Structures are given as structure tokens and as C-alpha cells.
Amino acid sequence: MKTVVIAGGGSAGWIAAGRIAARNGTSLAGGVRVILIESAVIGTIGVGEGTWPTMRNTLRKIGIRETDFIRQCDAAFKQGAQFARWTDGSAGDAYYHPLNPPQGAPQINLSGHWQAFARENPLNFAEAVDFQASLCDAGLAPKSITSPEYAGLANYAYHLDAGKFADLLRDHAVEKLGVIHMVDDIIEVHQDEAGDLTGLTLRGAGRVDGDFFVDCTGFASLLLGGTYGVPFKDCSDVLFCDRALALQVPYDRPDAPIATHTISTAQDAGWIWDIGLPTRRGTGHVYSSRHMSDEAAEESLRRYLGPAADGLSPRLIKIRAGHRASFWTHNCVGVGLAAGFLEPLEASALMLIETAVDFIADRLPANRAVMDTLSRQFNRAFTHHWDRIIEFLKLHYVLTKRTDTAFWRDNLDPASIPVELREKLELWRYHPPGPADFPHQPEVFSWPSYQYVMHGMGFAADYSGLAQVKAETASARRAFAQAERARQQALRDLPRHRDLLNRIQQYGLQPV
């Protein structure tokens with residue numbers, strides 16, 4: 001394996017280039033030669049502004065300082081998501097899915113104890129088992145200026161400017177990691193008799209040969225879908241949203257508070273995201289065109305934003321919900337939109353890129369003889385990941401009590417609910433979600449995430465009769481008390497979100 005060719009740029013292409021080069025060395029040092037070909041004509045989607053905590057490890061592995069990342073990508077901290085009006089649509093209907101796990105996990109499962117605890121303490125599940133929801137309510141950061149880079153009191157991810165992020169990754173990969181950057185258009189794909197890719201002909205530079213190819217060509221899926229004809233598995237029968245209107249809006253004043261969580265507010269036929277960056281908000285309306293027109297969707301977005309949207313025009317993005325039937329074929333693997341896309345309800349897009357690139361960078365095939373074994377492992381893992389993400393996103397819709405529009409009523413149709421999700425929900429009426437329900441490792445959404453959504457949306461369950469729950473009563477009370485002590489300390493010690501971001505701009509964080 002001497003040359004890796006990445007077709008396409010954007011976040012997917014440059015994360016792939018940076019991780020592969022950082023992990024496998026540069027050609028100048030006897031390592032792998034990494035070439036990224038980026039079209040001068042085809043732009044990127046550029047609206048993926050939410051990440052997972054995995055991004056901290058990705059940036060560290062690539063070799064980018066957290067201070068530089070925050071300064072150059074207009075980044076802010078993300079501590080979870082708040083879901084408003086998803087359960088019954090009322091004004092006070094809201095719950096959090098924080099990034100911290102419940103207190104004491106996995107040694108104790110507080111899901112089975114919360115109902116009894118809540119009878120004495122008027123706290124919702126996220127507040128009772130952890131302190132991070134309170135940080136979000138208070139607008140506090142997950143760390144302080146004295147925290148080392150990539151470390152914090154609370155678990156965290158980021159909100160970021162996707163265009164600036166791709167630029168930072170590109171500059172670092174080229175200048176520090178020796179990645180070869182070619183701005184050109186692919187006009188022909190070459191294969192050998194066995195079907196492996198051997199090279200790409202570019203409009204200006206001619207032919208570029210390679211041993212391994214990463215398809216980051218977005219929705220076009222030029223190599224995986226175009227050359228190999230790998231079928232696309234549509235999942236619009238489960239997830240109905242197929243449109244997004246994106247709009248970036250200014251703050252009403254320079255010192256306005258910055259939300260430290262993604263805000264997802266349910267609408268008549270979808271939901272609106274609201275992401276706070278230091279200089280603006282990134283917003284958008286994700287909706288089903290079968291249940292709402294583009295014009296009505298824009299009206300809903302403008303109604304949500306109020307005067308902040310005056311004079312601004314949203315960008316329409318069409319979503320084809322689903323993924324390729326396989327992701328790695330011959331010596332080509334699809335990453336990012338070339339592999340598939342789902343509505344950004346839980347910010348899974350960049351996480352899937354990171355997970356795929358981790359596999360590729362850490363297990364880059366030594367030669368052609370081992371490639372088919374690795375591709376089978378990859379395809380099994382990512383078929384599972386996509387199935388579980390679809391299931392988890394659907395969970396948010398099937399627990400609703402809303403029946404006010406056809407969109408919400410249709411989401412409750414059993415025919416639209418994956419079989420495994422139906423089986424799990426029946427089990428979870430009597431047994432709380434736990435590690436045994438998620439044996440696959442690593443799991444993209446595990447049992448704490450399901451608990452936050454289920455209890456946040458008032459899922460009807462009764463665990464009081466379980467022998468294990470009765471036996472753990474004393475331990476559970478200690479865990480709830482520890483969660484409360486942690487909340488008081490965090491509320492006392494942590495700075496306001498904007499204040500910390502301002503100090504990072506001025507002083508920087510401590511290098512690791």
C-alpha cells in the first residue's frame with residue numbers, strides 16, 4: 001500500500017486525509033502517499049455544524065491544537081441537545097439529551113430507580129441523574145480556561161463553521177502532514193480486469209494512480225455509486241424528512257448568550273435546529289415534503305426566527321434518506337455523503353465520518369491480499385451502525401403523543417417502525433435499557449442515550465417490581481446524591497459559555 005487517493009474534499013475528505021496521513025506517515029518519511037483531489041466546480045454542502053465528543057480525539061490524533069481549532073473555526077462547546085415540543089407540542093414541552101452518562105453508569109442503572117426518586121424530588125430524568133442539563137439551562141461552559149486542551153469537567157463536543165473547519169483541516173494536512181492537494185475535476189475512472197480501481201484521469205493534470213481509494217464525492221458518490229453501481233437503500237419509509245432549509249442569522253447584540261447545546265424544536269411536519277456559534281446562529285428547518293410545501297416550511301422557519309430572518313434567504317437542501325447497500329467494495333470505500341445521509345437530528349454525520357476514517361487509518365490494508373477480509377469487517381460494522389442510527393432517530397418520533405398533524409400521526413404507524421425498535425420498546429416497558437441490550441462494540445447510540453429520550457418523552461414503564469431494582473435502592477440514593485453534589489459544584493465553578501470562548505480567543509488553552 002503506497003498511495004491512497006481521496007476523491008473529494010469537504011469535512012469528509014480532509015478528515016480522511018489528515019487521519020490517514022497522521023497515522024500512516026508521509027511519503028517523505030517512508031510512509032503512505034496521500035493525494036486528495038478536490039473539484040474546483042462542485043462545492044460542499046457545508047452546513048454540518050454539530051459534532052460528537054469523538055471530535056476531540058479526532059483533532060488530537062490529527063495533531064490540531066484545541067485552541068487553534070476554536071479560534072479558526074468559529075467554534076463553540078456543545079453539551080447535548082434540547083428537544084422542544086416533541087412530546088405533546090405544548091409550550092413547556094422540553095427535555096435534554098446530555099453528553100454525560102447517568103451518574104454511576106454502568107455500575108448502576110438509575111433508570112429503574114428514577115420514578116421512585118422523582119416522587120420525592122421534582123426533577124426530570126436528565127436533571128436527576130446528571131448535572132449537564134443544568135449547565136445548559138444556566139448557559140455555562142463544560143470547562144474553564146485552566147482546563148487542559150481536550151479536557152473538561154463535563155463531556156463535550158463542538159458547534160463549528162463547517163467551511164472554516166474544512167479549511168483548517170486542509171491547511172494542516174497539506175502543510176504539516178504532507179498530503180498532496182490537487183484542485184481538478186475527475187473525468188475518467190480506471191479499473192483493472194479484476195475490477196479494482198487503478199487511477200483517475202483529471203481534466204487538467206491527467207492520470208493519477210493509486211492503490212486504495214476513498215470516495216468523498218458527496219451525494220454524487222462518483223466511485224462507490226457511479227463506478228461500482230452499489231445500490232442505495234432508501235429509508236424514507238421510516239424517516240420521512242427529505243428537505244432542509246438552512247439559514248444563518250446574526251445575534252441581536254455582540255454579547256448575546258451562546259447556547260451550549262443544540263436546540264431542536266418540533267414543527268408541524270419536522271423540526272428546526274438552532275446552533276449557537278460565537279458570531280452567529282446556524283438554523284434550519286428539516287421537514288417532509290410529503291407533509292409540507294417548501295413555502296410553508298420557510299414560513300415556519302421565519303416565524304420561529306422572527307425579525308432575525310428579515311432580508312435573509314434560506315438555502316434549500318434535498319435529503320435522500322438512506323445509505324449504500326455496502327460501503328467498501330474492491331479497493332474503494334465510501335465516506336460521508338458518498339456512503340449515505342440521514343436527517344441531522346442527533347448530529348451523526350460527522351461522527352460516521354470519524355468512525356469510518358478511524359477504521360481506515362488504523363487498519364489501512366497492508367496489501368491487496370487482506371483487503372477483502374477488511375472490507376467484510378467494515379461492511380458488517382457499518383451496516384449495523386446505520387441500522388442503529390435509523391432506529392434511534394425513529395425513537396424520537398414514535399414516543400410522541402402528538403396527533404395534531406398527519407406527519408406525527410404517520411410516524412406512529414407501526415408499519416414505519418423498525419421491527420427491532422418495536423421489540424426493544426416492548427421489553428423496556430418492564431426492563432430498563434441497559435448494556436446487555438447493546439452487545440455490539442463500539443455502539444453509536446447506547447443505552448444511556450435511549451434512556452434520556454425515553455424518559456424525557458414520558459415513555460410508560462414500570463420497573464418497581466424488579467428484584468435488582470429493589471436490591472439497589474441504597475446504592476441508587478447515593479448516586480442521586482452524588483449527581484446533586486456534582487451539579488452544585490459545576491454551577492459554582494464553571495464560567496459562562498461566551499466568557500470562556502472570549503478568554504480562549506485572548507489567552508488560549510493549556511497545551512497537553
Side-chain angles (χ1 to χ4, degrees), residues 6 10-25 34 48-73 75-81 97-101 105-106 132 141-143 147-162 164-166 168-173 176-177 179 214 216 260-262 333 335-336 339 346-364 378 381-382 385 388-389 438 440-446 448-449 504 508-512:
I6 300 168
S11 297
W14 287 112
I15 289 174
R19 279 286 284 115
I20 293 170
R23 182 71 174 85
N24 297 277
V34 180
E49 297 183 326
T51 67
W52 276 27
T54 51
M55 185 57 71
R56 288 150 62 192
N57 279 331
T58 295
L59 293 171
R60 187 188 294 118
K61 289 174 182 176
I62 292 174
I64 295 174
R65 284 196 58 192
E66 187 174 36
T67 296
D68 295 337
F69 163 73
I70 290 172
R71 286 173 172 172
Q72 295 181 41
C73 298
F77 294 104
K78 171 187 171 182
Q79 299 191 72
H97 175 191
L99 296 180
N100 274 357
Q132 197 159 40
K143 62 190 294 178
S147 302
E149 293 195 328
Y150 299 119
L153 181 63
N155 195 17
Y156 65 88
Y158 307 101
H159 291 142
L160 52 83
D161 183 305
K164 292 179 180 179
F165 182 47
L168 172 67
L169 292 168
R170 178 199 63 210
D171 293 346
H172 182 83
K176 303 293 178 62
L177 301 174
V179 172
V214 184
C216 298
T260 186
H261 55 281
T262 301
V333 59
V335 173
E346 287 279 2
S348 57
L350 282 172
M351 177 277 300
L352 278 170
I353 292 169
E354 295 175 85
T355 306
V357 170
D358 279 347
F359 186 107
I360 298 165
D362 294 340
R363 308 192 71 189
L364 190 69
F378 186 94
F382 278 83
H385 290 332
R388 294 292 73 73
I389 292 172
F438 299 89
H440 187 281
Q441 292 298 326
E443 191 63 82
V444 290
F445 291 104
S446 196
S449 294
I504 292 173
L509 292 163
Q510 296 183 51
V512 177

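Computation of the quantities below employed the complete heavy-atom set of this structure, encompassing side-chain atoms and omitting hydrogens, waters and symmetry-equivalent molecules. Only a predicted model underlies this, so the values are computations on that prediction, with no experimental measurement involved.
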Which heavy-atom pair separates Ala381 from His440 by the least distance, and what is that distance? CA-NE2, 4.4 Å
Going by the rule side-chain hydrogen bond (donor to acceptor under 3.5 Å, both in side chains), which residues pair with Arg56 if we only count those two or more places apart in sequence or in a different chain? Asn155
His97: what forms a side-chain hydrogen bond (donor to acceptor under 3.5 Å, both in side chains) with it, not counting sequence neighbours? Glu346, Ser449
So, using side-chain contact (heavy atoms from CB on, under 4.5 Å) as the criterion, who are the partners of Ala154 when residues are at least two apart? Gln79, Asn100, Phe131, Gln132, Leu135, Pro142
So, taking the atom named CG in Leu169 and the one named OG1 in Thr58, what distance separates them when rounded to the nearest 0.5 Å? 9.5 Å
Under the salt bridge (Lys or Arg N to Asp or Glu O under 4.0 Å) rule, collect the residues that match up with Arg170, sequence neighbours excluded. Asp167
Would you sort out whether Thr355 and Phe382 count as a side-chain contact (heavy atoms from CB on, under 4.5 Å), showing the intermediate values? CA-CA 9 Å; Thr355 306; Phe382 278 83; 3.7 Å; yes
Are the side chain of Thr67 and the backbone N or O of Leu509 linked by a donor-acceptor pair below 3.5 Å? yes
Between Lys176 (side chain only) and Ile64 (backbone N and O only), is there a donor and an acceptor less than 3.5 Å apart? no
With heavy-atom distances below 4.5 Å as the criterion, would you say the side chains of Lys143 and Ile504 are in contact? no
Donor-acceptor side-chain pairing of Thr262 and His159 below 3.5 angstrom: yes
Just jot down the ring-ring contact (aromatic ring centres under 6.0 Å, His included) partners of Phe445, sequence neighbours excluded, or say none. Trp52, Phe392
I'd like to know whether Lys164 forms a side-chain contact (heavy atoms from CB on, under 4.5 Å) with Leu168, so could you lay out the CA-CA distance, the side-chain angles of the two residues, the decisive distance to 0.1 Å, and finally the verdict. CA-CA 6 Å; Lys164 292 179 180 179; Leu168 172 67; over 6 Å; no
Salt bridge (Lys or Arg N to Asp or Glu O under 4.0 Å) filter on Glu354, not counting sequence neighbours, yields none
Heavy-atom side-chain contact between Val214 and Val357 under 4.5 Å: no
So that I can tick it off, tell me whether Arg388 and Glu443 are bridged by a salt bridge, with the cut-off set at under 4.0 angstrom between side-chain N and carboxylate O. no
Modelled atom types, side-chain donor and acceptor of Ser147 and Gln510, under 3.5 Å: no
Using 0.5 Å steps for rounding, measure from the CD1 atom of Ile70 to the CG atom of Leu59. 9.5 Å
With a 4.5 Å limit on heavy-atom distance, are the side chains of Ile389 and Leu352 in contact? yes
Nearest heavy-atom approach of Lys61 to Ala22 is O-CB, 3.6 Å
Atom pair SG/CG of Cys73 and Asp161 - distance to nearest 0.5 Å: 7.5 Å
Using the test ring-ring contact (aromatic ring centres under 6.0 Å, His included), find all partners of His172 that sit at least two apart in sequence or belong to another chain. none
Which pair of heavy atoms, one from Arg60 and one from Tyr150, lies closest together, and at what distance? NH2-CB, 3.0 Å
Specify the closest pair of heavy atoms between Pro53 and Ala157, including all atoms of both residues, with the distance to one decimal. N-CB, 3.4 Å
Checking Asp171 now: which residues fulfil side-chain contact (heavy atoms from CB on, under 4.5 Å) with it, not counting sequence neighbours? Glu175
For Ala17, give me all partners under side-chain contact (heavy atoms from CB on, under 4.5 Å), at least two apart in sequence or on another chain. Ile6, Trp14, Val34, Leu36, Val179
side-chain contact (heavy atoms from CB on, under 4.5 Å) between Leu99 and His261: does it pass, once the steps are laid out? CA-CA 10 Å; Leu99 296 180; His261 55 281; over 6 Å; no
Could you work out, with side-chain hydrogen bond (donor to acceptor under 3.5 Å, both in side chains) as the rule, every residue matching Asp362, not counting sequence neighbours? Arg19, Arg23
Give, for atom CE of Met351 and atom CG of Asp358, the distance between the pair rounded to the nearest 0.5 Å. 11.0 Å
By ring-ring contact (aromatic ring centres under 6.0 Å, His included), which residues pair with Tyr158, not counting sequence neighbours? Phe69, Tyr156
Return the set of residues passing side-chain contact (heavy atoms from CB on, under 4.5 Å) with Ala166 (not counting sequence neighbours), or none when no residue passes. none
Determine yes or no for a side-chain-to-main-chain donor-acceptor pair under 3.5 angstrom, with Asn24 supplying the side chain and Ala361 the backbone. yes
Can you see which heavy atom on Gly336 is nearest to which on Ala12, and at what distance? CA-CB, 4.2 Å
Residue pair Lys78 / Thr51: nearest heavy atoms and the distance that separates them: NZ-O, 3.1 Å
Gap separating the CG atom of Leu160 from the CZ atom of Phe77, nearest 0.5 angstrom: 12.0 Å
